[in-house]
Protein chains: 2
Amino acid sequence: MRTDFVYLNGRIVRAGQAAISPFDIGLLRGYAVFDLLRTIDGRPFLLDEHLRRFRASAKRLALTVPVGDDEIAAAIDELLERNDHHEATVRLVLTGGVSPDGMSHDPDTPTFFILTHELHAPPDAVYERGAKLVTHAHHREVPEAKTTNYITLLGNKARLAEEGALDLLYHDGETVSEAATASFYVVKDATIHVPDADVLWGTVGELVLDWAKERVDVVRGVVTLADVVDADEAFLTSTTRGVVGIVAIDDHTIGDGTVGPITRTLMDGYRELTHRHRRHA
Amino acid sequence: MRTDFVYLNGRIVRAGQAAISPFDIGLLRGYAVFDLLRTIDGRPFLLDEHLRRFRASAKRLALTVPVGDDEIAAAIDELLERNDHHEATVRLVLTGGVSPDGMSHDPDTPTFFILTHELHAPPDAVYERGAKLVTHAHHREVPEAKTTNYITLLGNKARLAEEGALDLLYHDGETVSEAATASFYVVKDATIHVPDADVLWGTVGELVLDWAKERVDVVRGVVTLADVVDADEAFLTSTTRGVVGIVAIDDHTIGDGTVGPITRTLMDGYRELTHRHRRHA
């Protein structure tokens, strides 16, 4: 494991010495939230936004992040300095803490840890040619919180590999919500349509939509499976992948099967915004 | 914590020395299954049935229990001997193991541990007077496997306490499936109706239904919310609670609001079956 150090409950320790109790309710009952940010030029990108979302997820589960943003930022800086990554993803995890009976937990003693991983961005070809999604009927249990439950995604990894797909697109039989690890959007008649029910707030998505709002119309509301098939373009946004054009969904080709002009504009916008972050290094 | 020893990946260790990695995919992605059995007179009850269900849950997630039933049984016996319980619940937990990247895992290196807890059965009044359930629209993601995700139940604990309810009754708006921690049944015209879609196989439920099958008709199929309201009796079965009459669901009284005769017959049957276990001590 390249990651040598982790932050656990107030201390930076070697990964091999970071011990989570088998009685942790995050492990026994999946009672946990997390967030994931990336570095650009080795420095956290959109840190404030990710911390805000992390605290919102915690609140939704009646969990409290036990330390302030400054301590979290300092811990991240120290981990990034000690661990040897080209670029990293930084994972904040908060659970309900140790549960002697396997069902209840004390809100005053959560488990909070921070891990870093080497960032693995998709190959260039994914950005140039676009990617495929496969649809899957699924409703995340607490859509507005980033909980740790990814059992449906992990159970479909083999199917994604078989189909050469980048991610699952979740829907309820009629309406689409989001991809398993990304926000999802369609473009029709030069307007970006943003599914707004049962989705997690996307940090990169909101950043590029805000950047684009003078250039293109954005409508938030219901996006149906029929809208997806009929779209001119589709794209996803995520922390690790930025903006990726979606050119196929199941057996349907989206638009002409290439990454569309509005998606390319947003990809340019994301590049510009990340360059600004680099310049402020 | 009264539990002093746990079994972890082949060894019995003190709970304080049992270290789960923060990179465990059971913690980071909820990729884990478990099972829970109870002791009667200090000895495991329905061990074979729970081991069978545990292996079935594991298989559903493409996980492999790394040791045989004999080693598991021996580990449970040792834990029960070393830990000081009046009666215990025994929890088997299997995760995908350590995941350096927080997404993938090696199927050959799972994490497998066994914990014991003091058994807390409901007070006698619950058996005498029956209990209340509150309905909740929810579909477990992998209903046929006992996964560790109980976020919906834990998020509704305050509501259960407020309403004086024993458990949630899951439904999809029309059909009921199971309680959050128990199997659920209704009785109409002297026939027990067993919801058979999207439910976990219940060890105690199957035991008492098998015992009852000469005495009462059992029908497996769809049970609707309307059937529940219209039922003569309702009951649940679970490992920790045995058979419990359900006399109220939300604001509806079931039957005459007392524990019904067929439910009492099954409670008697469960008592007889547990007495047999005691006699074979």
Side-chain angles (χ1 to χ4, degrees), chain A residues 1-3 6-8 13 15-34 36 60-62 89 91 93 95-96 98-105 111 113-118 120 138-142 145 147-155 157-158 181, chain B residues 1-3 6-8 13 15-34 36 60-62 89 91 93 95-96 98-105 111 113-118 120 138-142 145 147-155 157-158 181:
Chain A
M1 202 180 312
R2 284 190 61 183
T3 299
V6 305
Y7 169 97
L8 174 59
V13 294
Q17 279 147 19
I20 305 291
S21 167
F23 288 89
D24 198 286
I25 203 162
L27 189 61
L28 296 184
R29 297 291 183 178
Y31 207 71
V33 294
F34 77 111
L36 189 78
R60 177 64 184 76
L61 266 68
T89 56
R91 184 184 303 266
V93 184
T95 87
V98 171
S99 172
D101 68 356
M103 186 60 96
S104 61
H105 67 284
T111 298
F113 59 93
I114 308 175
L115 312 177
T116 68
H117 313 267
E118 182 69 22
H120 293 289
H138 177 57
H139 179 266
R140 289 201 305 116
E141 242 168 294
V142 191
T147 59
T148 49
N149 175 17
Y150 279 69
I151 213 163
T152 290
L153 173 61
L154 269 64
K157 278 278 175 191
T181 66
Chain B
M1 196 180 313
R2 284 189 61 183
T3 297
V6 305
Y7 169 96
L8 174 59
V13 293
Q17 278 147 17
I20 304 292
S21 167
F23 288 89
D24 198 287
I25 203 161
L27 189 60
L28 297 185
R29 298 291 183 177
Y31 208 72
V33 295
F34 77 110
L36 189 77
R60 178 61 184 77
L61 266 68
T89 56
R91 184 185 304 267
V93 184
T95 85
V98 172
S99 171
D101 66 357
M103 186 59 96
S104 60
H105 67 284
T111 298
F113 59 93
I114 306 174
L115 312 177
T116 68
H117 314 268
E118 183 68 23
H120 294 288
H138 177 57
H139 179 266
R140 289 199 306 115
E141 243 168 294
V142 190
T147 60
T148 50
N149 176 18
Y150 280 68
I151 213 162
T152 289
L153 173 62
L154 269 63
K157 278 275 174 193
T181 65

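Just so it is clear, the structure is predicted and the values come from calculations on it, not from any experiment. Lettering of chains follows the sequences in order, A, B, ..., and the numbering in each one begins at 1.
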_For a quick test of reading the model, state the closest non-hydrogen atom pair linking I151(A) to A32(B) and the distance between them._
CD1-O, 4.5 Å

*asked:* Are L153(A) and M103(B) packed together at the side-chain level, in the sense that at least one heavy-atom pair is separated by less than 4.5 angstrom?
replied: yes

*Heavy-atom proximity to chain A below 4.5 Å, by part of L28(B)*: both

*Any side-chain heavy-atom pair of Y150(B) and I25(A) under 4.5 Å*: no

*Look up atom CD in E141(B) and atom CG in N149(A), then write down how far apart they are to the nearest 0.5 Å.*
4.5 Å

_Please classify the contact of T95(A) with chain B as side chain, backbone, both or neither, using a heavy-atom distance under 4.5 Å._
side chain

*asked:* Looking only at heavy atoms and a cut-off of under 4.5 Å, which of G26(B), S104(B), G102(B), A158(B) has the most pairs with chain A?
replied: G102(B)

_Option in G96(A), G16(A), A18(A) with maximal non-hydrogen atom pairs under 4.5 Å from chain B_ = A18(A)

*asked:* The criterion is side chain to side chain donor-acceptor pair (under 3.5 Å); which residues satisfy it with T181(B), sequence neighbours excluded?
replied: D167(B), R241(B)

*Identify which part of T152(A) has an atom lying under 4.5 Å from any heavy atom of chain B, answering side chain, backbone, both or neither.*
both

*Heavy-atom pairs under 4.5 Å with chain B, option from L27(A), T147(A), D24(A) with the top count*: L27(A)

*Is there side-chain contact between F23(B) and L115(A), with at least one heavy-atom pair below 4.5 Å?*
yes

*Which atoms form the tightest heavy-atom contact between R91(A) and D101(B), and what is the distance?*
NH2-O, 3.7 Å

*Checking H120(A) against chain B: side chain, backbone, both or neither under 4.5 Å from a heavy atom?*
neither

*Only counting residues at least two apart or in another chain, list the ones meeting ring-ring contact (aromatic ring centres under 6.0 Å, His included) with F113(A).*
none

*Closest approach of P22(B) and V6(A), non-hydrogen atoms and distance?*
CG-CG2, 4.5 Å

